[in-house]
Amino acid sequence: MTSSHGVNRDLVAALKGQSKRAGEQAPSVRGADWRLATVTAIGAGTVTADGIVCRRMETYRNPVVGDVIVITQSSSGNWLAAGRTAGDSDGLGTVLFKRKTADTGPRTSATPSTDPHLAVTLAANATYTLDAFAKWSGDSNSDVNWGWNVPSGASGSWVCYADGTLLSSIPSTVRNLDTGIGSPRSYGALASVNGHMMRGTVRTTTGGAFSVTWSSQTAGGTGITVYTDSWIRLERVE
């Protein structure tokens, strides 16, 4: 005959096992090893989020008060800030990069049109640094006209370290003229294949597409071809 004490022990063991299994599956019981928190202060290599001082991971760069981040705690009680969560727009330090994956051209028209590969989307009320590389070919009748399509209301400027146009009065002269970000500039085809570097700043009030636009400076000639591995890179800094 089974004693009442044995039955009670079995019942207690069964209840404990059931409770343990339920707790293992319920976050409110077992606790989570990470959570979301809002940054309220920034220190040297740390952030304070919801009153908790957390060491930043190397990948969490340019923290800003108001960031919604993932924080996690070790078994020894140390807190780590893993990084910010995605918002409605790009955060500080976001890099936008596009590379041409195929040649485009030749374009013999003098009417600028958008490059099919070199385009990104910018956030509203943001500032970006701009870097670009263009590999292209033309002839003395086909100097390149290069510019940018920008979101409405965008401002800033850019410069290209390139030769003056063969059609201008200053051939073979580096034409590093500061140009408004919404305005194009023409450059010379002094070699069979040319390489130009560009830098600038873009400030937005509304978000939208940012893209390269280019054409031949003068219609006719052999036209302009822009080659694979040309690229644009924009990094948000404000």
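- By the 4.5 Å heavy-atom criterion applied to side chains, Asp143 and Ser186 are not counted as neighbours.
- A heavy-atom distance below 4.5 Å is found between the side chains of Trp231 and Asp131.
- Just one of Thr179, Val202, Ile232, Leu118 meets the side-chain contact (heavy atoms from CB on, under 4.5 Å) condition when paired with Trp148; it is Ile232.
- For the residue pair Ser215 and Ser109, the shortest heavy atom distance occurs at CB-O, 3.5 Å.
- Proximity of a side-chain donor or acceptor of Arg107 to a complementary backbone N or O of Ser113 within less than 3.5 Å is detected.
- For the 3.5 Å distance criterion, the side chains of Thr225 and Asp103 fail to qualify, holding no donor opposite an acceptor.
- Residues Val226 and Lys100 form a side-chain contact, since some pair of their non-hydrogen atoms from C-beta on lies under 4.5 Å apart.
- Across Tyr161, Phe133, Tyr187, Trp146, a single residue satisfies side-chain contact (heavy atoms from CB on, under 4.5 Å) together with Met198, and that is Trp146.
- Taken to the nearest 0.5 Å, the OG1 atom of Thr94 stands 11.0 Å off from the CG atom of Leu122.
- Taking the side chain as every heavy atom from C-beta outward, Val144 and Asn194 never approach each other to under 4.5 Å.
- No side-chain heavy atom of Leu80 sits less than 4.5 Å from a side-chain heavy atom of Cys54.
- There is no side-chain donor-acceptor pair under 3.5 Å between Asp50 and Thr40.
- Of all the heavy atoms in Val193 and Ser137, the pair that sits closest is CA-CB, 4.4 Å.
- Two residues are said to be in side-chain contact when any heavy atoms from C-beta on lie closer than 4.5 Å; Tyr128 and Val237 fail this criterion.
- Taking a cutoff of 4.0 Å between a charged side-chain nitrogen and a carboxylate oxygen, Glu238 and Arg236 do not qualify as a salt bridge.
- The hydrophobic cluster containing Trp79 also includes Val39, Ile42, Val47, Ile52, Tyr60, Val65, Ile69, Ile71, under a criterion of side-chain heavy atoms closer than 4.5 Å among ILVMFWY residues, counted directly or through chains of members.
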Under the side chain to side chain donor-acceptor pair (under 3.5 Å) rule, what do Asp178 and Ser157 come out as? Steps first, then yes or no, please.
CA-CA 7 Å; Asp178 180 74; Ser157 64; 3.0 Å; yes
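- Remark: Trp214 pairs with Asp115 by the side-chain hydrogen bond (donor to acceptor under 3.5 Å, both in side chains) rule, at least two apart or across chains.
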